[in-house]
Amino acid sequence: MKIEKLPYFIDLYETRSYTKTARNNYISQTSVTQFINSLEEELQVKLFDRTTLPIQPTAAGTRFYQDAKALLRQYQRIKEGLAALDRNAALPVRLCYTSKIDLQILLPFVTGFKTRHPDVAVDVEQATFKEASKALWVRRCDAVIGIDFEPEYTGQLESLTMYQGEYQALVPEGHPLFGRDAIRTDELYHYPLVMLSPHVIGRSYEGMLEHARQDGYYPNIQRTANDMDGELFLMLTEDLIGFVPDNYFPQEYAGRMRRIPIEGSHHRFQLEMKYRSGENPSLDLFVEELAAYLKSE
């Protein structure tokens with residue numbers, strides 16, 4: 001298998017079209033077909049079901065697609081690292097983050113870090129809560145920032161606590177609790193709620209349910225959303241209460257929503273950075289200075 005040809009498979013998986021794949025990669029359809037056939041022969045599995053139009057990936061094809069993208073990124077990372085060494089340049093720091101809150105915390109620090117170390121690039125990529133753990137495991141990034149990591153991927157990694165806080169209720173205008181300065185747990189769980197979906201936030205979803213059970217209630221989760229913007233939309237259009245960290249408020253909805261503390265609630269969180277030390281000198285420097293910055297705040 002030639003790694004540099006993996007984009008042929010990835011494009012075919014995403015487009016379901018030999019014609020589009022050939023055009024995207026400036027090769028003939030015959031070349032695409034030959035590569036896919038040779039790949040299936042080497043792996044001893046069928047990657048696509050060709051009896052349907054458009055073609056559909058098999059279960060093995062879907063699994064290989066995920067691994068192929070990770071392998072291609074790692075291959076590119078190796079090439080970039082070798083090129084940087086050849087130029088005697090600093091390796092970049094690649095960060096995966098799970099929400100805009102992570103970047104808000106990092107922004108002041110990174111601005112100063114770049115002033116002190118202009119040769120170190122800091123690249124960021126967003127991932128879902130669930131994807132973030134695996135992203136670090138397959139070395140798609142050097143460090144990940146998030147909450148409730150998947151232990152099978154991050155259990156042996158080093159950790160830096162970036163923020164500890166509590167979840168508060170985000171209440172839309174017109175809701176009976178909108179005017180309150182604080183909300184009791186019995187009042188909170190009396191109303192239907194909205195949360196980010198389990199496949200987006202992974203273990204955090206079960207964590208929120210456990211916090212509610214510790215409060216003595218089982219929450220009425222009426223809707224789930226695939227991202228924060230969708231969750232905010234459902235709050236406003238369906239009069240639902242959501243949860244939000246105490247260090248974040250969607251300023252674009254100021255006046256239409258209120259963030260209200262929940263009295264006596266177990267809804268707390270810890271934002272962490274997971275990373276491997278000793279593999280990237282730029283990352284080691286980044287973490288060392290970030291730890292000092294967080295202590296000074």
Side-chain angles (χ1 to χ4, degrees), residues 70 73-74 76-78 80-81 83-85 87-168 196 200-204 207 228 244-251 267-297:
R73 280 190 291 264
Q74 182 61 14
Q76 186 60 38
R77 168 67 171 163
I78 292 171
E80 291 173 356
L85 288 174
R87 298 191 307 269
N88 197 28
L91 289 172
V93 174
R94 301 169 306 154
L95 300 176
C96 282
Y97 68 97
T98 54
S99 78
K100 63 179 69 175
I101 305 170
D102 307 344
L103 296 186
Q104 289 175 354
I105 292 175
L106 274 180
L107 185 58
F109 165 74
V110 173
T111 301
F113 181 83
K114 288 291 295 178
T115 300
R116 295 186 297 276
H117 310 285
D119 58 325
V120 179
V122 179
D123 301 325
V124 295
E125 176 186 346
Q126 186 168 19
T128 66
F129 285 63
K130 198 169 185 178
E131 290 173 346
S133 300
K134 190 174 182 180
L136 181 55
W137 184 66
V138 300
R139 288 175 166 78
R140 190 170 105 199
C141 49
D142 299 309
V144 296
I145 303 171
I147 299 167
D148 295 329
F149 292 99
E150 304 294 324
E152 61 268 34
Y153 296 118
T154 62
Q156 304 301 314
L157 301 181
E158 297 189 63
S159 180
L160 175 65
T161 298
M162 298 183 60
Y163 184 83
Q164 297 182 77
E166 61 183 29
Y167 287 105
Q168 298 183 341
L196 291 173
V200 171
I201 60 176
R203 290 169 55 86
S204 286
M228 178 63 78
V244 66
D246 60 5
N247 61 342
Y248 170 73
F249 181 81
Q251 293 299 331
H267 286 291
R268 295 181 178 85
F269 68 94
Q270 180 168 289
L271 182 67
E272 297 177 292
M273 173 184 284
K274 294 284 188 179
Y275 63 96
R276 290 185 180 88
S277 63
E279 294 188 358
N280 181 348
S282 298
L283 174 69
D284 293 340
L285 177 63
F286 185 90
V287 172
E288 179 184 352
E289 294 196 8
L290 177 58
Y293 168 80
L294 292 171
K295 287 182 180 178
S296 67
E297 287 296 294

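The basis for the numbers below is simple: all heavy atoms, side chains too, and nothing from hydrogens, waters or symmetry mates.
- Counting all heavy atoms, side chain and backbone alike, D148 lies closest to R203 at O-CB, 3.8 Å.
- We find the CD1-CE distance between I101 and M228 to be 5.5 Å, quoted to the nearest 0.5 Å.
- Pairing each heavy atom of F269 with each of L271, the nearest pair is CD1-N, 4.1 Å.
- Residues F286 and F109 place their aromatic rings such that the two centres sit under 6.0 Å apart.
- How far OH of Y248 is from CG of D102: 11.5 Å, rounded to the nearest 0.5 Å.
- Rounding to the nearest 0.5 Å gives a distance of 15.0 Å between SG of C96 and NZ of K274.
- E158 meets the side-chain hydrogen bond (donor to acceptor under 3.5 Å, both in side chains) test with S277; sequence neighbours excluded.
- The shortest distance between side-chain heavy atoms of L283 and R276 does not fall below 4.5 Å.
- In this structure the side chain of I145 never reaches within 4.5 angstrom of the side chain of Y163, judged on heavy atoms.
- Contact detail for V144 and A132: the closest heavy-atom pair is CG1-O, 3.3 Å.
- Scanning all heavy atoms of the two residues, the minimum distance from D142 to L136 falls at O-CD1, 3.4 Å.
- In terms of modelled atom types and a separation under 3.5 Å, the side chain of R268 and the main chain of Q164 share no donor-acceptor contact.
- Put simply, the side chain of R140 never gets that close to the backbone of R94: no donor and acceptor are under 3.5 Å apart.
- You'll find the side chain of V93 stays beyond 4.5 Å of the side chain of L285, heavy atoms only.
- Pairs engaging residues 284-294 under the salt bridge (charged side-chain N to carboxylate O under 4.0 Å, His left out) rule: R116-E289 [sequence neighbours left out].
- The two residues T98 and Q126 come nearest to each other via the heavy atoms O-NE2, 3.5 Å.
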Show your working on side chain to side chain donor-acceptor pair (under 3.5 Å) between Y275 and N280 and close with a plain yes or no. CA-CA 10 Å; Y275 63 96; N280 181 348; over 6 Å; no
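- Remark: side-chain polar atoms of S282 are paired, donor with acceptor, to backbone N or O of L91 under 3.5 angstrom.
- Taking 4.5 Å as the limit, some side-chain heavy atom of L95 sits within range of a side-chain heavy atom of L106.
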